[in-house]
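In what follows, a single structure is set out as structure tokens and then discussed.
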Amino acid sequence: MAQDEDIRIEPFTHAAGGWTSIKEVAHALGEAHIRLDGTRILLKQNKPDGFQCVSCSWAKPAEPHAAEFCEHGAKATAWELTTDRCTPEFFAQHTLTELEGWTDLALESTGRLTAPMRWDAATDKYVEVSWQEAFADIGQRLKALEPKEAVFYASGRASLETSYMYALMARLYGNNNLPDSSNMCHESTSTGLPQSIGVPVGTVQLEDFPLCDCIFIMGHNIGTNAPRMLHDLQQARERGVPIIVFNPLKEPGLVRFANPQSPVQMLTPADTRMNTQYHQLKAGGDLGALTGLCKALVAMDDAARESGDDAIIDHDFIAQHTHGFEAFCLHLRQVEWPAIEEASGLARAAIESAAEVIGRARRVIGIYGMGLTQHKTGVANVQMVANVLLLGGHIGVPGAGILPVRGHSNVQGQRTVGITEKPEMVPADKLKAQFGFDIPKDKGLTTVETCRGLAAGTVKAIVSLGGNLLRAVPDGPRVEDGWRKAKLSVQVATKLNRSHVVHAEAAYLLPCLGRIEIDRQGGIEQAVSMEDSTGCMHGSRGAAEPASDKLLSEPAIVAGIAKATLAANKVPWDEWVADYAKVRQAIEQTYPEIFHDFEQRMWQPGGFHRPLPACHREWKTPSGKANFICPPSLDEDDDMTARGPDVIRLTTLRSFDQFNTTVYGNHDRFRGIHGTRHVLMMNDEDITRLGFADGQIVRATTASTDGVPREVGGLRIVRYDIPRGCAAGYFPELNPLVPLWHHAVGSQVPAYKSIPIRLSRM
Ligand SMILES: Nc1nc2c(c(=O)[nH]1)N[C@H]1C(S)=C(S)[C@@H](COP(=O)(O)OP(=O)(O)OC[C@H]3O[C@@H](n4cnc5c(=O)[nH]c(N)nc54)[C@H](O)[C@@H]3O)O[C@H]1N2
Ligand SMILES: Nc1nc2c(c(=O)[nH]1)N[C@H]1C(S)=C(S)[C@@H](COP(=O)(O)OP(=O)(O)OC[C@H]3O[C@@H](n4cnc5c(=O)[nH]c(N)nc54)[C@H](O)[C@@H]3O)O[C@H]1N2
Ligand SMILES: [Mo]
């Protein structure tokens with residue numbers, strides 16, 4: 001955790017982007033001790049012949065801006081290219097027990113890892129080990145386990161090539177234990193959308209933005225977490241396209257934006273008002289709001305038809321392409337407005353004003369993020385967004401569609417090429433033909449199930465391709481206890497984090513090249529590829545010299561472990577590492593519809609789009625149609641274990657100064673909170689009602705009835721513009737409050753955005 005500094009709370013009154021943004025980039029570059037010519041590197045970011053940003057997964061346009069990066073992308077680049085080094089000499093000076101007491105920021109600030117390390121029990125220190133020795137020992141230890149006892153986690157940055165190799169390794173080893181960060185992120189999308197529209201990903205591409213005539217955004221903080229999308233939204237606003245936001249917090253990026261690429265906006269105070277309606281619903285109020293929206297659309301359509309006006313609902317589309325409309329309408333007619341208002345925290349008139357705009361639009365794009373997926377009702381939330389769009393026929397036509405904004409820069413692609421615990425998602429026949437083996441049939445473990453397995457002692461080895469599982473997951477302290485008792489932990493990483501300093505009986509820390517670095521195999525520069533949030537695949541070539549000559553690439557590390565672990569198999573691991581084009585050929589053979597002519601098309605400006613049947617109204621669902629799916633309830637908390645006037649609903653968010661568990665600093669510029677991350681943003685009336693004061697330091701305790709104590713102390717109450725009954729604070733500091741069992745029905749995405757808590761004095 002970053003230490004508190006001078007604490008300042010002051011409202012942010014500027015436009016997002018603009019001058020502050022450029023200044024911030026320079027600041028970040030200066031502070032992170034960037035090597036080489038930072039600007040030269042940055043100009044290659046997100047370019048068709050350059051490297052794909054390691055920060056968010058937003059689309060990379062075919063005709064990029066001169067500087068196609070945002071300040072967060074620049075920060076992420078600077079962070080990877082730091083001149084600081086975390087060397088064997090550093091580890092010689094610190095035991096892991098000591099490092100466990102360090103903050104996240106302090107651990108990562110030690111710089112790039114430089115050499116493969118093995119934990120030494122006698123000294124409680126990491127000591128350098130040769131790559132060959134590391135692989136051989138890891139292989140021995142994995143071979144000694146039952147295949148089901150090992151888990152292969154992936155974080156979402158690794159390339160398509162590495163991900164394909166990693167998944168193949170796990171399946172040859174004998175399991176589908178391939179959880180990844182999407183299990184904590186967009187798995188509600190991957191579970192919900194196939195049932196609704198027959199694809200696990202969004203249907204919107206960049207080309208749709210100039211054609212749409214209405215956009216709604218739910219539960220995504222675009223200004224911080226996918227800032228380059230602000231350009232597309234801004235252009236839409238300048239065409240007069242209405243943008244309707246549903247978010248408990250007024251996020252500045254969704255309020256006003258000054259484009260740092262626009263000379264006019266840079267030289268004058270001009271900026272664009274980014275929304276036309278902003279609805280501050282309750283955290284977890286989305287099912288209520290979306291149900292209200294659909295109910296209002298149906299009512300508007302009834303009225304229009306009675307008076308002979310144009311229909312609001314696309315009845316032809318519904319008749320030809322959908323299933324379940326009548327049952328859905330019946331459900332909507334039965335739900336009463338007071339219940340909708342109570343569940344959403346929004347007035348009927350507010351919801352109707354949104355419906356008025358969405359109902360009259362011809363081409364609507366629905367965008368959403370973690371504010372929808374990380375709830376007990378996460379899957380139902382996603383399906384309700386699909387329902388809204390299906391009512392108006394907004395799926396499968398240009399200028400419209402559904403847009404889940406993914407997290408990590410290749411998290412979507414990682415799933416596409418086989419990193420999934422669900423064996424049915426993998427073309428087993430193709431893999432059999434290519435490599436002569438049957439993939440394991442049993443479903444593997446999700447991230448939540450992996451944590452349960454660690455806590456229960458049934459998961460005995462944890463291999464991680466990036467990430468910081470111990471910080472990212474719910475119930476961290478209990479998972480940590482299990483992790484310490486496991487037999488093996490192997491962490492492939494660029495920078496030091498908590499999941500490296502908490503060790504199993506045997507622990508390895510294997511440093512890899514980052515994507516921005518030049519990857520040479522046998523002296524020949526290699527390229528890799530990834531998939532963005534809009535289903536487009538792009539090539540990526542590193543531009544900077546590696547941080548250390550002892551680093552291996554991720555494909556080389558995966559191949560090293562695979563060769564030491566697996567029985568004889570038909571995978572040409574060494575040939576693949578020598579030439580990544582050969583991995584791409586294998587990917588092409590396994591997934592020919594998506595990856596044909598991979599080698600040529602990956603360099604196409606704008607990338608190449610994967611075919612998605614829903615985009616041309618072909619529905620790969622069991623009914624053969626797009627399905628209206630009724631939500632199970634209106635309120636998240638129908639089965640919540642604890643209720644009462646003193647229970648408030650906590651949502652956990654990212655600040656301006658972080659990338660997931662990587663905390664760059666203590667400033668949340670857009671929310672005006674400086675110098676501390678230990679805060680609870682609360683409504684003024686709640687603060688008074690519960691007998692507290694603005695600025696008071698309190699303890700939060702989870703209001704669950706499972707008998708497990710969960711608390712985080714030292715939290716400063718910050719009076720904030722947030723609906724009554726809700727509070728907001730930062731991930732990962734607040735993760736100990738989230739019970740492992742508190743997750744979305746169907747997808748197991750932890751309900752990080754809806755945690756019942758009580759407050760007490762400290
Ligand atoms: N700079 C930067 N970029 C990132 C990341 C990062 O940490 N830093 N992380 C990456 C990853 S892995 C991901 S998944 C994405 C995450 O990007 P987001 O999806 O934006 O994730 P969060 O920051 O968790 O914020 C969610 C938003 O939802 C709102 N919200 C909270 N609860 C609710 C609710 O109940 N209903 C609704 N409607 N809204 C709610 C919050 O106020 C916030 O604006 O960003 C990616 N990009
Ligand atoms: N309370 C709460 N918890 C959450 C969330 C929330 O909103 N609220 N969000 C969830 C979400 S959406 C996600 S995606 C997860 C994130 O969970 P993870 O993906 O597990 O975590 P990250 O913080 O992204 O991982 C950071 C680490 O990755 C390593 N790394 C960085 N670059 C590379 C690379 O190129 N290669 C390799 N091998 N390693 C690299 C570095 O060592 C760094 O310390 O957290 C989840 N947890
Ligand atoms: Mo994520």
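Counting begins at 1 with the first residue of the sequence. Just so you know, these numbers use all the heavy atoms, side chains as well, and skip hydrogens, waters and symmetry mates. In each ligand, atom 1 is the first atom listed, and ligand 1 is the first ligand listed.
Ring centroid separation for the pair Phe656 and His72 comes in under the 6.0 Å cut-off. Outside the 6.0 Å centre-distance limit, the rings of Tyr153 and Trp483 are not counted as a close aromatic pair.
By the 4.0 Å heavy-atom criterion, Arg654 is counted among the residues contacting ligand 2. Under a 4.0 Å heavy-atom criterion, His375 is in contact with ligand 1. Ligand 2 lies nowhere less than 4.0 angstrom from a heavy atom belonging to Pro732. Within the structure, the closest approach of Val492 to ligand 2 falls below 4.0 Å when heavy atoms are considered. Residue contact annotation: Pro248 has a non-hydrogen atom under 4.0 Å from ligand 1. In this structure, Leu734 falls outside the shell of residues with a heavy atom less than 4.0 angstrom from ligand 2. Residue contacts with ligand 1 include Leu281, since one of its heavy atoms falls under 4.0 Å from the ligand.
By the criterion of a heavy-atom distance under 4.0 Å, the side chain of Arg157, and not its backbone, is placed next to ligand 2. The side chain of His72, and not its backbone, has at least one atom closer than 4.0 Å to an atom of ligand 1 (non-hydrogen atoms only; side chain from C-beta on). Contacts between Phe246 and ligand 1, counted as non-hydrogen atom pairs separated by less than 4.0 Å, involve the backbone only. The side chain of Asp286, and not its backbone, has at least one atom closer than 4.0 Å to an atom of ligand 1 (non-hydrogen atoms only; side chain from C-beta on).
Of the protein's non-hydrogen atoms, the one nearest atom 42 (O) of ligand 2 is Lys495 O, 2.7 Å. When only non-hydrogen protein atoms are considered, atom 31 (C) of ligand 1 lies nearest to Thr651 OG1, 3.2 Å. Protein heavy atom at the shortest distance from atom 19 (O) of ligand 1 is Met370 N, 2.8 Å. Closest to atom 45 (O) of ligand 1, if we only count protein heavy atoms, is Asn225 CB, 3.3 Å.
For Arg157 and Phe659, the positive end sits near the middle of the six-membered ring, less than 6.0 Å away and at most 45° from its axis. Both tests pass for Lys250 against the ring of Tyr278: distance under 6.0 Å to the centre and angle within 45° of the axis.
Residue Lys282 places no N or O, backbone or side chain, under 3.5 Å from any N or O of ligand 1. For Arg406, no nitrogen or oxygen atom sits less than 3.5 Å from a nitrogen or oxygen atom of ligand 1, counting backbone and side chain alike. At under 3.5 Å, not a single nitrogen or oxygen of Ser181, backbone or side chain, sits near a nitrogen or oxygen of ligand 2. Residue contacts with ligand 1: Gln374 is placed with no nitrogen or oxygen under 3.5 Å of a nitrogen or oxygen of the ligand (distance criterion only). Looking at ligand 1, you'll find an N or O of Gly284 within less than 3.5 Å of one of its N or O atoms. Residue Gly371 has at least one nitrogen or oxygen atom sitting less than 3.5 Å from a nitrogen or oxygen atom of ligand 1, judged on distance alone.
When each atom of ligand 2 is checked for a heavy atom of Ala493 under 4.0 Å away, the hits are 38 (N), 39 (N), 42 (O). Using a 4.0 Å cut-off to heavy atoms of Tyr153, the atoms of ligand 2 that qualify are 17 (O), 18 (P), 19 (O), 20 (O). Against a heavy-atom cut-off of under 4.0 Å, Lys753 is close to the following atoms of ligand 2: 7 (O). Each of the following atoms of ligand 1 lies closer than 4.0 Å to a heavy atom of Glu251: 41 (C), 42 (O), 43 (C), 44 (O). Of all the atoms in ligand 1, the ones that sit under 4.0 Å from a non-hydrogen atom of Cys56 are 47 (N).
Between Trp58 and the options Asn46, Asp532, Asp232, Asn225, a side-chain hydrogen bond (donor to acceptor under 3.5 Å, both in side chains) holds for only Asp232.
Ser553 and Tyr580 form a side-chain donor-acceptor contact under 3.5 Å, judged by distance and modelled atom types alone.
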